[in-house]
Amino acid sequence: MIQVGPTCDCPLNRLMPQIAKRYPWFRLEQIDPLADPEEAYDSRRQQYHSTRILVLLERRIEQLEFARLLGVAGFDLYVPGMNFVFGEARCPGRVGVISTYRLKPLSPNRSDLFEQRVVKEAVHEIGHMLGLRHCFDSLCVMHFSEKIIDTDRKHAEPCRNCQSRLEEGGFE
């Protein structure tokens, strides 16, 4: 896992055990941050283009001995045609990124809710890296989240069908 940008409001060392619980075959490590993703910044939108960040992560992973790399950013992400995205990943692929920017609860006393949301989005994007597509089951972690309420509704685990696909895939 890698922090994208100079700061991140979600400590990766808290996120990593939650990821390991869902994907126990992953070797998880935190690596040095991708401190300056400025080439992905769109000043007109005041957001970062998530696909451009994936390209930066692909450059970084080529220098490492990792099968996959998930970036965690504290700033707002978008893809053309959408106002924002919670994350994006190559499907299947080696890189993904999530943003914590829109995952913060309105109440500052709900750090538990914030952490749950971050875990769900991380598990979702890793699922894409492993080849899972969006699921029609609104409780499945692989269900597309258009709004934060969609993220809150779904579970942090894949449904039976998605879990079966993961087990059949033989991913490392």
Side-chain angles (χ1 to χ4, degrees), residues 1-2 4 8-10 12 14-28 40 47-58 61 66-106 110-172:
M1 295 188 78
I2 185 171
V4 179
C8 186
D9 47 10
C10 177
L12 298 185
R14 287 186 53 104
L15 180 57
M16 288 169 53
Q18 296 296 324
I19 301 298
K21 193 184 321 181
R22 275 77 181 188
Y23 300 110
W25 62 90
F26 271 18
R27 185 186 93 209
L28 294 170
Q47 292 174 298
Y48 288 79
H49 191 296
S50 59
T51 309
R52 291 185 191 146
I53 290 177
L54 294 181
V55 171
L56 296 173
L57 293 173
E58 285 168 334
I61 200 171
F66 294 117
R68 290 176 184 82
L69 183 59
L70 179 69
V72 180
F75 44 72
D76 205 14
L77 299 175
Y78 81 97
V79 293
M82 298 188 77
N83 291 333
F84 70 91
V85 291
F86 294 120
E88 182 183 6
R90 301 289 193 214
C91 183
R94 298 180 67 202
V95 297
V97 63
I98 65 167
S99 167
T100 62
Y101 186 82
R102 294 179 185 258
L103 301 178
K104 297 176 188 103
L106 295 176
R110 293 298 316 269
S111 62
D112 60 325
L113 179 58
F114 176 66
E115 188 172 313
Q116 289 168 18
R117 290 172 172 174
V118 173
V119 167
K120 290 174 187 180
E121 293 306 323
V123 171
H124 178 95
E125 296 308 334
I126 292 169
H128 282 318
M129 288 190 278
L130 295 172
L132 292 179
R133 304 279 180 200
H134 285 140
C135 182
F136 292 109
D137 182 345
S138 64
L139 299 180
C140 178
V141 74
M142 293 310 299
H143 186 74
F144 177 71
S145 291
E146 185 176 351
K147 301 174 189 146
I148 197 65
I149 194 167
D150 300 323
T151 300
D152 289 342
R153 181 182 307 119
K154 65 186 178 181
H155 298 160
E157 288 81 21
C159 67
R160 270 191 222 160
N161 288 337
C162 290
Q163 185 62 42
S164 292
R165 284 190 208 110
L166 282 174
E167 291 167 4
E168 290 167 7
F171 300 105
E172 298 175 10

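Everything numeric here is computed off the predicted structure, so don't read it as measured data.
When every heavy atom of P105 is checked against every heavy atom of L113, the shortest pair comes out as CB-CD2, 3.9 Å. The two residues T151 and K120 have their closest heavy-atom pair at O-NZ, 3.0 Å.
Using a 4.0 Å cut-off between a side-chain N of Lys or Arg and a carboxylate O of Asp or Glu, R94 and E58 do not qualify as a salt bridge.
Qualifying side-chain contact (heavy atoms from CB on, under 4.5 Å) partners for S138, counting only residues two or more places apart in sequence or in other chains: H143, R153. Under the ring-ring contact (aromatic ring centres under 6.0 Å, His included) criterion, Y23 pairs with W25, F26, sequence neighbours left out. Listed by chain and number, the residues in a side-chain contact (heavy atoms from CB on, under 4.5 Å) with N83 amount to none (sequence neighbours excluded). Every residue two or more places apart in sequence or in another chain was checked for a side chain to side chain donor-acceptor pair (under 3.5 Å) with E146, and none qualifies. Taking H49 as the reference, nothing meets the side chain to side chain donor-acceptor pair (under 3.5 Å) condition, with sequence neighbours excluded. Annotation: side chain to side chain donor-acceptor pair (under 3.5 Å) contacts of S164 (sequence neighbours excluded): none.
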Query raised in the report: Between V97 and L70, is a side chain to side chain contact (heavy atoms under 4.5 Å, CB included) present by the stated rule, with each step listed?
Result: CA-CA 5 Å; V97 63; L70 179 69; 5.7 Å; no

Requested in this report: For the pair R117 and K104, evaluate side chain to side chain contact (heavy atoms under 4.5 Å, CB included) and give the outcome as yes or no after the intermediate values.
Outcome: CA-CA 8 Å; R117 290 172 172 174; K104 297 176 188 103; 5.8 Å; no

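Under the side-chain contact (heavy atoms from CB on, under 4.5 Å) rule, E88 has a single partner from L54, V95, I53, which is L54.
Cation-pi check for R102 over F84 is met; the charged atom lies under 6.0 angstrom from the ring centroid and within 45 degrees of its normal.
Between Y48 and F75, the ring centre distance stays below 6.0 Å.
Once rounded to the nearest 0.5 Å, the distance linking SG of C159 with CZ of R165 reads 6.5 Å.
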